[in-house]
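Single-structure report; data block below.
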Amino acid sequence: MSSCSPVHWQADRPRAALWLALALWLLALLPGPAAAGPTCHGRFMNPITDICWSCLFPLTIGSASILSDGQPDIGNPSSPVCYCSNPPRIGVSIGFWEPVRMVDVTRTPFCMVGLGGIALDPGLDVPRGAHVGHDSQTRNSFYHAHWYANPILTWLEVLLDFPCLEKGSLDLAYLTEVDPLWADDELTAILNPEAVLFANAPAKAACAADCVAATAGMPIASLFWCAGCQGSIYPMGGHVATHIGGVQASTLITQRMTAKMHRQLVTFTGAGSAGLCGYYPLPIMDKTHYKLQMVYPVPATAKEAGQCCQPYGRTTMIWGAGKSYPVSGEDFAYQIFRKRNCCAGAY
């Protein structure tokens with residue numbers, strides 16, 4: 001009788017059923033497919049094609065502008081001659097805008113937008129970014145942010161042995177995913193207790209003047225609680241109470257992240273006479289020391305009204321048009337230019 005005869009099949013049916021039950025049990029033990037979530041998008045910045053190099057200007061010696069290219073500026077030390085004691089040197093007081101930081105603003109935790117869209121998975125359960133609509137006119141949102149040290153002029157070796165450039169290479173310095181204050185506005189008050197002083201109508205109304213000033217030229221430094229046309233610096237967290245658009249919300253998060261890094265003494269400033277001999281701490285950020293340029297999803301290299309870098313607080317209605325699009329264009333990366341005054345001379 002053949003081994004494939006019905007007699008043998010009937011005899012093997014209990015064994016086959018046992019193997020089938022065992023296979024189904026093993027399949028039940030396997031983990032199911034991961035829940036779908038936002039995909040990480042991003043791109044490495046090309047320093048040649050994705051940076052608007054006119055953002056370096058104006059270049060000044062003392063208070064005199066040598067090359068401006070139509071870019072806005074703040075005050076500079078009046079004397080072209082300067083002296084530093086440690087180490088001792090006599091030099092020339094120069095001023096420029098140095099590209100030194102980069103900021104990711106993302107809905108997906110641990111999505112490194114500025115590092116090419118790399119998604120890290122440290123196994124931590126952190127809040128995801130979201131847009132929430134309360135009605136047809138009001139929305140709020142939540143984003144994470146990453147702070148990079150990115151002294152482009154140094155790692156490109158554009159100027160060798162120039163003492164006024166920040167040294168270093170591209171480096172990830174801070175992630176909000178591991179910061180318990182970022183996602184909790186009440187806990188954030190530990191970092192910015194003064195926020196209660198500006199949670200009133202007059203203080204918020206004053207931000208309209210900051211919006212106008214930033215759009216026309218540079219923001220108003222004394223209105224330090226304002227983020228110009230984007231809203232309020234406080235709380236220094238990831239919740240945007242009034243979400244108008246992705247560009248508006250991401251620039252607000254960028255300003256808050258900069259203020260937070262100053263408050264936590266993660267970053268210093270180097271503007272004005274106090275910065276001639278080195279960087280110094282500034283726990284309350286002076287927003288007039290900063291400009292930003294979008295590098296993802298659309299590198300803002302085309303000039304709008306003669307400028308492709310925007311001071312903190314400037315309206316996004318003009319330059320932000322077409323800079324965001326669905327799916328892969330809803331996360332952002334910005335290159336930050338910081339004002340630098342320096343006593344350039346031989347040691």
Side-chain angles (χ1 to χ4, degrees), residues 31-45 101-134 139-150 170-193 195 227 230-243 245-267 292 294-297 324 326-334 336:
T39 305
C40 181
H41 298 281
R43 182 178 61 242
F44 278 105
M45 176 191 62
R101 297 290 182 268
M102 186 169 66
V103 177
D104 287 343
V105 181
T106 178
R107 301 159 300 154
T108 307
F110 300 104
C111 175
M112 305 293 108
V113 180
L115 296 182
I118 298 174
L120 305 180
D121 185 13
L124 300 177
D125 185 17
V126 297
R128 287 186 172 273
H131 299 168
V132 180
H134 297 292
R139 287 195 301 166
N140 60 33
S141 59
F142 176 78
Y143 290 89
H144 284 289
H146 309 138
W147 183 262
Y148 300 89
N150 189 29
L170 178 62
D171 187 22
L172 177 60
Y174 202 93
L175 299 93
T176 59
E177 289 88 340
V178 297
D179 183 352
L181 304 183
W182 185 255
D184 192 318
D185 289 348
E186 293 182 0
L187 283 179
T188 305
I190 299 173
L191 189 65
N192 49 249
Q230 281 74 61
S232 175
I233 292 291
Y234 301 115
M236 296 179 190
H239 292 103
V240 178
T242 304
H243 179 101
V247 178
Q248 169 264 338
S250 60
T251 53
L252 174 59
I253 293 295
T254 299
Q255 294 174 71
R256 287 182 177 177
M257 191 64 177
T258 309
K260 179 180 175 70
M261 295 298 95
H262 272 278
R263 181 61 56 91
Q264 297 180 188
L265 302 180
V266 175
T267 192
L292 59 82
M294 180 183 287
V295 292
Y296 183 85
S324 176
V327 186
S328 61
E330 296 182 277
D331 295 332
F332 305 88
Y334 294 93
I336 307 300

If I compare all heavy atoms of [X] with all of [Y], which pair ends up nearest, and what's the gap?
X	Y	result
Tyr296	Met294	O-CG, 3.4 Å
Thr188	Gly237	CG2-N, 4.4 Å
Ser141	His243	OG-ND1, 2.8 Å
Thr106	Cys111	OG1-CB, 3.7 Å
Pro180	Asp184	O-CB, 3.9 Å
Phe332	Pro297	CD2-CD, 3.5 Å

Could you measure the distance from the [atom1] atom of [X] to the [atom2] atom of [Y]? Nearest 0.5 Å is fine.
X	Y	atom1	atom2	value
Arg263	Asn192	CZ	CG	6.5 Å
Trp147	Thr258	CH2	OG1	4.0 Å
Gln230	Thr242	CD	OG1	12.0 Å
Phe110	Asp121	CZ	CG	8.5 Å

Under a 3.5 Å threshold, yes or no: a donor from one side chain and an acceptor from the other, between [X] and [Y]?
X	Y	answer
Ser250	Tyr334	yes
His41	Glu330	no
Tyr143	Asp331	no

Chi angles and distances behind the side-chain contact (heavy atoms from CB on, under 4.5 Å) call for Leu292, Arg101 | CA-CA 10 Å; Leu292 59 82; Arg101 297 290 182 268; over 6 Å; no
Between Thr108, Asp104, Thr176, which is the residue that forms a side chain to side chain donor-acceptor pair (under 3.5 Å) with His144?
->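 Filter result, single survivor: Thr176.
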Ring geometry between Phe142 and His239 (parallel below 30°, tilted from 30 to 60°, perpendicular above 60°) |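 Because their plane-to-plane angle lies in the 30° to 60° range, the rings of His239 and Phe142 count as tilted.
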Heavy-atom side-chain proximity of Leu170 to Leu115 below 4.5 angstrom =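 In short, these two side chains touch, coming nearer than 4.5 Å.
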Are Asp179 and Lys260 close enough, and set up right, to give a side-chain contact (heavy atoms from CB on, under 4.5 Å), and what steps lead you there?
-> CA-CA 11 Å; Asp179 183 352; Lys260 179 180 175 70; 2.7 Å; yes
Pair Val240-Asn140, side-chain contact (heavy atoms from CB on, under 4.5 Å): steps then yes or no = CA-CA 5 Å; Val240 178; Asn140 60 33; 5.8 Å; no
State whether the number of non-hydrogen atoms from other residues, nucleotides or ligands found under 6.0 Å of Asp171 atom CG is greater than 12.
->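 Atom CG in Asp171 is packed in, count exceeds 12.
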